[in-house]
Amino acid sequence: METTISGLVPFVFVLAMPYSETVDQTTTFSAIGVWLVKFFEWFGNLALFCGRLVRSAVTPPYEIREFVHQFDELGSKSLPLVALAGAATGVVLTLSTRDSLIRFGAKSFLPAVVIFSIIKESGPIITALVVSGRAAAGIGAELGAMRVTEQIDAMEASAVDPYRFLVATRVLACMLILPLLTLVTDFLGILMGWVANTAAEPISLQLFIHAGFKNVTFNDFFPPTLKTIVFGLLIGVISCFQGMNARGGTQGVERAATNSVVLASLFIILADVLLVRLILVFFS
Amino acid sequence: MPSNDTKTDSKKNTPLVQVESLKKSFGRQVVLKGISLEVGKGETLSVLGRSGTGKSVLLKLIIGLHKPDSGSIRVNGKDVTKLTLKELNEIRKKVGFLFQQAALYDSLTIEENVGFPLHRHSRMSDEERRKRVRELLTSVGMEKDAHKLPGELSGGMQKRVGLARALALDPDILLFDEPTAGLDPITAAEIDDLILRLQKERGMTSVVVTHDIHSARTVSDRVALMREGQLLIQGTFADLQKSRNPFVMQFLAGS
């Protein structure tokens, strides 16, 4: 039933919508009508989910141990990927920028261009996208599997609120780990940027850093790094929402995992548009 | 449905679980069409029926995992449909639930699974808790596998651990969702024995949802047969056997 509809409407949200039992799909609505209802239903359910999450997250008892566990898990599993992505970004950025700058006779700007580009945009967004691939898929699949095998029901039945124990801890872990991982990306990006540059034309690290950071201000660094908290929120909320609403066995788990990554990445990029604009308004 | 069994009648005087004209549908699919039943203190009621007739939904409604469309569910005198989450959780601590696939937490060891409710809801020290978990695992014959993960156990073993976990908080009521489904006859009989022993040793009140007639006959004081979201007949197993209703006869003969 669901596959026919998602086939009719080639739009990512339909794929992401949890199996809906409430809409009569054959008689009352046209395909567009069904799609619109599902679209709003999805956002409505997301809003309800967020409401429940906030209620559970702000009231004691707090699941500190489980939060630390999730934070550790998330950090240790994402760190190697983020480090690698950061290093690669630094190299690629340096090589391609170097080529362009030489053409314009502005080679001396290279360290500044690389460092500005990494700390202001590449670092945060690359980190967020890598973590959304790693963590959102993991959380979506884990919670989805727990949902379809009744483990979440079992948790509720033993009087433990899964929104408090499973969801709030994961969302918070995502939010707090992203700025830290962004620092790793930034650091390795800049370092490998220097290495790549040195391979082409030797320059001391000290000089590279000095030239690059000469005009960097507080506002160039902190707002873009801290905006990744919003990316973390998106990753956590979307993947937990998909996981908690998984239906229908292994296929449901697969859907939850895939949709978590697709939607989290999409929302991160959309949110970035807004955040970049906001940061320009408030911090320039 | 009148009952000839005086013992059962006396038990029915203090119902622990009372379900009245319960209706539940998912979208257009009507699952329960007005179910009423009572389970007395210390009594075991089996709800029989074909797969997909809403038996599991009934159990989940009793513990508040789903909200009914209408009707009331009283557990220990309190209507679970009208409670806040906090109040509902107080009820849930007194109700054990054995899920169909046991629903053990994959990422935790057997020991941690059984200890989970204790860890959340009791003020036991680590040592006390370990001791209690060992007792529970011993009572279901699983003490040797305490450090294994659920994935390493067979279905029957998982059910035993699920039962130990359901018993962890010393519940007054146990809900069983297909306790013997998917098990070989010998393992199924062992699970039935465990349920019977619980009744004898702890005077447990239980609701067993099953399509296994043999199991229902073994463990229950009374049975109820469900068909298309309605209760067709309630009474002792003997009442069921006396019935001339064609579906009841077919259901009993088909097994």
Side-chain angles (χ1 to χ4, degrees), chain A residues 1-2 18-29 34 37-38 41 48 51-53 55-56 59-63 65-66 69-70 73 138-139 141-166 169-170 244 247-250 253, chain B residues 24-31 56-57 59-66 80 84-108 113-122 150-151 158 161-162 165-169 171 173-175 177-178:
Chain A
M1 208 155 40
E2 183 157 85
Y19 178 75
S20 162
E21 294 111 340
T22 51
V23 184
D24 181 356
Q25 289 158 340
T26 46
T27 53
T28 334
F29 296 104
V34 172
V37 168
K38 283 200 145 203
E41 197 186 12
L48 289 175
R52 175 107 196 250
L53 165 61
R55 256 205 321 279
S56 296
T59 52
Y62 304 109
E63 302 287 349
R65 227 158 113 173
E66 180 64 13
H69 173 70
Q70 288 305 326
E73 185 94 336
I139 293 172
E142 187 188 13
L143 295 192
M146 287 184 79
R147 168 58 82 196
V148 303
T149 57
E150 296 186 317
Q151 289 175 53
I152 287 175
D153 284 338
M155 192 171 279
E156 280 191 85
S158 53
V160 174
D161 180 2
Y163 284 81
R164 188 192 304 280
F165 188 78
L166 298 173
T169 51
R170 281 167 173 78
M244 293 289 280
R247 295 280 180 281
T250 14
V253 178
Chain B
K24 175 72 184 169
S25 47
F26 293 100
R28 291 188 350 136
Q29 190 194 355
V30 185
V31 182
S56 300
V57 173
L59 281 191
K60 288 185 179 175
L61 282 161
I62 291 176
I63 202 168
L65 291 175
H66 294 310
V80 297
T84 63
L85 183 62
K86 210 173 162 191
E87 293 165 326
L88 185 58
N89 278 341
E90 288 309 310
I91 300 267
R92 284 169 173 171
K93 287 179 198 169
K94 288 281 141 208
V95 181
F97 198 127
L98 177 61
F99 285 83
Q100 190 168 354
Q101 310 289 340
L104 302 177
Y105 308 121
D106 296 323
S107 55
L108 304 182
N113 261 285
V114 177
F116 185 82
L118 294 170
H119 188 74
R120 313 304 307 173
H121 301 303
S122 70
Q158 291 193 8
V161 177
R165 185 177 66 182
L167 290 170
L169 292 174
I173 303 166
L174 267 179
L175 307 177
D177 190 0
E178 301 276 6

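In the text below, chain A, chain B and the rest are named by the order of the sequence lines, each starting its count at 1.
Side-chain contact between B/Phe99 and A/Gln151 is absent, with no heavy atoms from C-beta onward closer than 4.5 Å. Counting only heavy atoms from C-beta outward, the side chains of A/Val160 and B/Phe116 approach each other to under 4.5 Å.
To the nearest 0.5 Å, atoms OG (B/Ser107) and CD (A/Glu73) are separated by 9.0 Å.
Your options are A/Asp153, A/Thr149, A/Asp161, and the one with the most heavy-atom pairs under 4.5 Å with chain B is A/Asp153. Between chain A and the options B/Leu88, B/Ile63, B/Leu104, B/Asp106, heavy-atom pairs under 4.5 Å are most frequent for B/Asp106. Across A/Glu142, A/Met146, A/Met155, the residue that shares the most heavy-atom pairs under 4.5 angstrom with chain B is A/Met155.
Within the 4.5 angstrom heavy-atom criterion, atoms from both the backbone and the side chain of B/Tyr105 approach chain A. Of the two parts of A/Arg55, neither the backbone nor the side chain holds a non-hydrogen atom closer than 4.5 Å to a non-hydrogen atom of chain B. At a 4.5 Å heavy-atom cutoff, B/Lys86 makes no contact with chain A through either its backbone or its side chain.
Taking each heavy atom of A/Arg65 and B/His119 in turn, the nearest pair found is NH1-CE1, 3.8 Å. Taking all atoms of both residues into account, the shortest heavy-atom contact from A/Ala154 to B/Arg165 is CB-NH2, 3.5 Å. A/Ala159 and B/Lys93 get closest at one heavy-atom pair: CB-CG, 3.8 Å.
Remark: the backbone N or O of B/Leu65 is not paired with any side-chain donor or acceptor of A/Glu156 at under 3.5 angstrom.
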Does the pair B/Leu85 and A/Arg52 meet the rule for a side chain to side chain contact (heavy atoms under 4.5 Å, CB included), with working shown?
CA-CA 11 Å; B/Leu85 183 62; A/Arg52 175 107 196 250; 3.8 Å; yes
